[in-house]
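Please see the structure below; I have some questions.
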Amino acid sequence: MTKFKPSPILCTMIFLIMANIANTQIFTQFSPDDFVQIEEGSGGFFADIDNGDRFSRDHDVVGDINGDGIKDLVVGARSDDDGETDAGAVYILFMNNDGTVLSNQKISMLEGGFTEILNEGSFFGYGVAGIGDYDGDNIPDIAVSALSPGNNSLFIIHLNSNGTVKSYVKNLNIVAQGLSAIGDLNNDGKIDLVACDPSSNQGGTQRGAIRILFFDNNSQIITNNTVTISSTQGGFGMGLLDNDRFGGREVAMLGDLDNDGTKELAVGAFMSDDGKGAIWILSLDAITYNVVSKIKITEGLNGFSDILTTSSNPNGTSGASFGHSMCAPGDLNGDGIPDLITGANQQNEGWAYILYLNSDKTVKTYTRINNTDGGFDLNLDPEERFSRSISFIGDLRGDGTIAVNIGGGAGSTGILYLLFFKPCNLTQQSGFNHWSDGNTLFTNWNHSMQMLTSDSLTLEQCVIKAFETDAAYMTYNFNDGRCICKDSTAILAASTELSTAFSNDCYSGLVSTNNYELNDEYSIDIYPNPTVSDIILSTTEISFSEKDKILLYNVLGELLHTSNITNQQTILSLSFYPSGIYLLRTNINGVYKTFKIIKQ
C-alpha cells in the first residue's frame, strides 16, 4: 500500500493556514541598526595609515586582549612599508562597545615587538585570524600570514595584554591569501585554521585550494594532519575549472546544517562562471575532514537568483567576484538554520549579501546590503569594492545586537565598516488580515489591477523593506509574494486574499514628514509636505561640500534623482512624477536622514 506523502508546497500551505488560525505568532529577524566607519582619522582610529597600505583587506575578532570586557580586533595592512616596501603590518584595535576604536597597537617589522626580518613584498598581514589563547596565559593570540617567494609563512603570535608581541612561532611554506578560524574541529582544545590559496595550480591553472591546519602545543602546524581540499585532493572531485580561484579570502564554518553528523564549510570560488563567482558548501567527514558531498551556489543555481555582472573592472578583472569573502553570523531569520554573509565586491559599488539557508544547504532567500538596499544608509563610492573582506564579531555592545565587519575603501587607505544588526520581533496577527488606509511606504502590488508591479518578494525580503522604510506595519501574502509596508496610521482589516498582517516591533518613527534635528547646530526642514509640485529643503547649515547630496527614491527603492546641496535652500520639482509616496534622503556633513514625501 502506497503511503501518501504531502508535497513541500502543500506542507507549507497547511502550516500557513494553521498558523493563521492559531493565536498571534512572533518571530525574530535581525535588522539593520547603525554602522561605524573605521579608517584613518575616523571612528577613533589614528595610525598614520598611507594610501596603498590596504588596511582592512583582512580582519577578525580576537577576543578581550586588554581585559576591559570588550572584544578587540586584528586588522591587516598587507602593503604597509615599515622596513621594506610592502613588508606589511597588522593592527590590534582595542574597541569601545559602541564600535569605535579606543586605541590601537601596530605590529610590523619596526613596531610592536615583532623581530622578524621581512622582505620587500612579504605582505605580512595578507591573512589574519583570532585563534584564542594558544600559550595558556589567558590572553588571546592571533595568526598572521605573509606572502613572498621564499617567505610564505604563517606566524602564530602570542600577545601581551597591550597588544604587543610576547613571542611568535613561524611556520614555513604556508600560502595563505586569507585565514579563517573555524573553531575546534578536532576537539583538541585549540582553534583550527583554514589557509586560503586561490592561486593554487593543483589540478589546473589557478583552480585554487584550501588547507585545514591543526596545531600542537608549541604552536607548530602538525603537518601530517593537514587536510588539503582542491580539485585533486580531499575528496572534492569534479566541479572546479581553471581560474575559478577556489578558496577566496575567507571561508565560513556553518556547523551541521542538516543534522547528519557532518559539518558544513562554505568556500568561495570568486572567479568562476566568467568572473561572476560562486560559493561551494562542503560537507566534511567527521573524522577525515574530506568532502563527502557538496553543492554550488551561484546565479541561477540552488536558490540564488540575483543577477551577477560579468563586465570589466578597473583592476583588469571581470565579473562580480561573488564569494570572495564571507562569515557565518548564525541564524538571522529565526528559522533555526545558520545563515551566511558573503559579498560580490565588484558588483557596482560592492554588494554584500545575506544568504538565508535551508537545511539542505541551498539558499532559501537573500537580501542585499549596498547604497540603496539593507537599511544602513551607506554612501559608498562607485568603485568602493565594499564586501572585499568580511568577519563576524558577535555581540560587541553586550545588548543582544551583533556586529559584522565589512571591508572596503578601494583607492584609499582602506575602510572597515562595522555594521550592527539588532533582533526585531515581527508580530503576526491571527487570521488573514491586511493593513488598510494609512500611508504606503513600500509596495510591489497594484491592488486595483490585482498584480505585482515588480518581482515577488520572500518574507525575509519584505521584512527588510519594512526595516528600510521604518514601517510600523507590513502586509505579506505567502501565495504571490506581495509586500506592502505602511506607516503607523494604518488600520487592521480582514483580508479576502489570504494575506497576513505583521506589526514591526522595531518601528521607531524616525522617518519624518517635515523637520529633523541633525545635531545641536543644524536642522533640516522639508516643505510643503504633502506637495502638488515642488519640495523645498531648507537647512541651517552654512558650509557645503561636493559630498552633500539630495536623493529621491520611489517606494520600490529605485533612485529617481540625485543632485548636490550647495546652499541653505534647495528646490526639487516633483511635477513630472505621479502621485504617491517617495523617500527623500539627504547627506549633509556625513549625516544621512530619510524623509517620507507625499506627492498629491
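In this chain, residues are counted from 1 in sequence order.
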Using only atom types and a distance under 3.5 Å, with no angle test, would you say the side chain of Asp68 pairs donor to acceptor with the backbone of Ile70?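 Yes, the answer is positive, given that a donor and an acceptor are paired below the 3.5 Å cut-off.
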Hey, does the side chain of Asp33 reach the backbone of Phe420 with a donor-acceptor pair shorter than 3.5 angstrom?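 Between the backbone of Phe420 and the side chain of Asp33 there is no qualifying donor-acceptor contact (under 3.5 Å).
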Of all heavy-atom pairs between Ser325 and Thr342, which one has the smallest distance, and what is that distance?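 Heavy atoms only, the tightest pair is O-OG1, 2.8 Å.
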Show your reasoning for whether side chain to side chain contact (heavy atoms under 4.5 Å, CB included) applies to Lys106 and Asp80. CA-CA 11 Å; Lys106 184 179 185 179; Asp80 184 275; 2.9 Å; yes
Roughly how far, to the nearest 0.5 Å, is the CG atom of Asp86 from the CG atom of Leu147?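 Interatomic distance, Leu147 CG to Asp86 CG, rounded to 0.5 Å: 11.5 Å.
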Is there side-chain contact between Ile415 and Phe386, with heavy atoms separated by less than 4.5 Å?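 Sidechains of Phe386 and Ile415: no contact.
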Determine, step by step, whether Phe270 and Phe246 satisfy the ring pair (Phe, Tyr, Trp, His ring centres under 6.0 Å) criterion, reporting the C-alpha distance in whole Å, the side-chain angles of both residues, the deciding distance to 0.1 Å, and the verdict. CA-CA 7 Å; Phe270 63 91; Phe246 173 77; over 10 Å; no
May I ask you to say whether Asp34 pairs ionically with Arg397, meaning some side-chain N is under 4.0 Å from a carboxylate O?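 Arg397 and Asp34: salt-bridged.
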Would you indicate whether the side-chain heavy atoms of His158 and Val169 approach each other to under 4.5 Å?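 Answer yes - side chains close enough.
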If you define the side chain from C-beta out and look only at heavy atoms, does anything of Ser199 sit under 4.5 Å from Gln206?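 Ser199 vs Gln206: side chains touch.
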Counting N and O atoms only, with roles assigned by atom type, does the side chain of Glu384 sit under 3.5 Å from a partner on the main chain of Gly409, one being a donor and the other an acceptor?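 Such a contact is found between Glu384 side chain and Gly409 backbone.
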For residues His561 and Leu551, determine if any side-chain heavy atom of one lies less than 4.5 Å from a side-chain heavy atom of the other.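 Contact flag for His561/Leu551 side chains = no.
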Are any side-chain N or O atoms of Glu541 and backbone N or O atoms of Ser543, one a donor and one an acceptor, separated by less than 3.5 Å?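 The answer is yes, because a donor-acceptor pair under 3.5 Å joins these two groups.
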Would you say the side chains of Asn333 and Glu460 form a donor-acceptor pair under 3.5 Å?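 Indeed, the side chains of Asn333 and Glu460 share at least one donor-acceptor pair under 3.5 Å.
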If you measure from CG on Asp72 to CG on Leu93, what distance do you get to the nearest 0.5 Å?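 One gets 8.5 Å once the value is rounded to the nearest 0.5 Å.
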Are Asn405 and Ile390 packed together at the side-chain level, in the sense that at least one heavy-atom pair is separated by less than 4.5 angstrom?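 No; the side chains remain at least 4.5 Å from each other.
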Can you check whether Tyr366 and Tyr356 have ring centres sitting under 6.0 Å from each other?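 That pair fails the under 6.0 Å test.
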No-hydrogen, no-angle side-chain donor-acceptor test under 3.5 Å, Glu84 and Ser122: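 No, no side-chain donor-acceptor contact under 3.5 Å.
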May I have the step-by-step check of side chain to side chain contact (heavy atoms under 4.5 Å, CB included) for Ile307 and Glu299, ending in yes or no? CA-CA 6 Å; Ile307 304 301; Glu299 179 190 317; 3.8 Å; yes
Are the side chain of Tyr134 and the backbone N or O of Ile191 linked by a donor-acceptor pair below 3.5 Å?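 Present.
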Examine distances only and state if a side-chain atom of Asp373 and a backbone atom of Asn370 form a donor-acceptor pair shorter than 3.5 Å.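 Checked: no pair found.
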Is Thr586 close to Asp548 at the side-chain level, that is, under 4.5 Å between some pair of heavy atoms?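 SC-SC contact between Asp548 and Thr586 ruled out.
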For the side chain of Asp137 and the backbone of Ile139, is there at least one donor-acceptor N/O pair under 3.5 Å apart?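 Checking the backbone N and O of Ile139 against the side chain of Asp137, a donor-acceptor pair under 3.5 Å is found.
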Using distance alone, with no hydrogens and no angle criterion, decide if Tyr353 and Asp306 have a side-chain donor and acceptor under 3.5 Å apart.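 Asp306 and Tyr353 do have a side-chain donor-acceptor pair below 3.5 Å.
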Is any side-chain N of the basic residue among Lys166 and Asp135 closer than 4.0 Å to the acidic one's carboxylate O?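 Looking at Asp135 together with Lys166, the answer is yes, because their closest N to O distance falls below 4.0 Å.
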So, using side-chain contact (heavy atoms from CB on, under 4.5 Å) as the criterion, who are the partners of Thr28 when residues are at least two apart?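 By the side-chain contact (heavy atoms from CB on, under 4.5 Å) rule, Thr28 matches Pro423, Asn425.
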Arg78 charged N/C atom sitting above Phe124 aromatic ring, 6.0 Å / 45°: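 No, Arg78 does not sit over the ring of Phe124.
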Val62 vs Asp60, test: side chain to side chain contact (heavy atoms under 4.5 Å, CB included). Steps then yes/no. CA-CA 6 Å; Val62 181; Asp60 199 11; 5.8 Å; no
Applying side chain to side chain contact (heavy atoms under 4.5 Å, CB included), run through Ile524 and Leu537 and close with a yes or a no. CA-CA 7 Å; Ile524 290 179; Leu537 180 150; 4.2 Å; yes
Can you confirm whether Gln346 sits close enough to Ser321 that some side-chain heavy atom of one is under 4.5 Å from a side-chain heavy atom of the other?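 A side-chain contact under 4.5 Å exists here.
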Using the side-chain contact (heavy atoms from CB on, under 4.5 Å) criterion, which residues pair with Val165? Sequence neighbours excluded.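 Val165: side-chain contact (heavy atoms from CB on, under 4.5 Å) contacts with Ile107, Phe114, Ile157, Tyr168.
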From Ser79 atom OG to Phe123 atom CZ, the distance as rounded to the nearest 0.5 Å: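 If we round to the nearest 0.5 Å, Ser79:OG and Phe123:CZ are 5.0 Å apart.
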Using atom types as modelled and distance alone, determine if a side-chain donor or acceptor of Ser42 lies under 3.5 Å from a backbone N or O of Gln37.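 Checked: pair present.
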Acceptor/donor pairs from residues 44-52 side chains to any protein atom, 3.5 angstrom cut, sequence neighbours excluded:
residue : atom : partner : partner atom : Å
Asn51   : OD1  : Thr413  : N            : 3.3

Please report the interatomic distance CD1(Ile182) to CD1(Ile210), rounded to the nearest 0.5 Å.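 With rounding to 0.5 Å, CD1 (Ile182) is 8.0 Å from CD1 (Ile210).
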May I ask you to check whether Thr164 and Asn160 show a side-chain donor-acceptor distance below 3.5 Å?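 A pair is found: one side chain offers a donor N or O, the other an acceptor, under 3.5 Å apart.
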Which heavy atom of Ala195 sits nearest a heavy atom of Ala176, and at what distance?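 Looking at all heavy atoms of both residues, the shortest contact is CB-CB, 3.8 Å.
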Going by the side-chain hydrogen bond (donor to acceptor under 3.5 Å, both in side chains) test, name the single residue among Arg249, Arg385, Arg388 that passes it with Asn345.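 Result for side-chain hydrogen bond (donor to acceptor under 3.5 Å, both in side chains) with Asn345: Arg385.
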Can you see whether Asn564 engages Thr566 through a side-chain donor-acceptor pair at a distance of less than 3.5 angstrom?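 No - no donor-acceptor pair under 3.5 Å links their side chains.
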To the nearest 0.5 Å, what is the distance between CD1 (Ile279) and NE2 (His324)?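 Interatomic distance, Ile279 CD1 to His324 NE2, rounded to 0.5 Å: 12.5 Å.
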Do Leu332 and Ile341 make a side-chain contact, defined as non-hydrogen atoms from C-beta onward lying under 4.5 Å apart?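 In short, these two side chains touch, coming nearer than 4.5 Å.
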Under 6.0 Å between ring centres, would you say that holds for Phe421 and Phe376?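 Centroid distance Phe421-Phe376: below 6.0 Å, so yes.
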Look at the side chain of Ser387 and the backbone N and O of Gly343, then say whether any donor-acceptor pair between them is shorter than 3.5 Å.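 Checked: no pair found.
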For Met326 against Ala266, the heavy-atom pair lying closest together: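 Shortest heavy-atom contact: SD-O, 3.4 Å.
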Can a donor-acceptor pair be found, under 3.5 Å and without considering hydrogens, that links the side chain of Asp98 to the backbone of Thr100?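 Yes, because the side chain of Asp98 sits within donor-acceptor range (under 3.5 Å) of the backbone of Thr100.
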Rounded to the nearest 0.5 Å, how far does CD1 of Ile402 lie from CD1 of Ile393?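 If we round to the nearest 0.5 Å, Ile393:CD1 and Ile402:CD1 are 10.0 Å apart.
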Just by distance, no angles: are the side chains of Ser272 and Asp244 close enough, under 3.5 Å, to form a donor-acceptor pair?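 Side-chain D/A pair, Ser272 to Asp244: absent.
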Under the side-chain contact (heavy atoms from CB on, under 4.5 Å) test against Val144, which residue among Val90, Leu154, Ile156 passes?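 Of the listed residues Val90, Leu154, Ile156, the side-chain contact (heavy atoms from CB on, under 4.5 Å) partner of Val144 is Val90.
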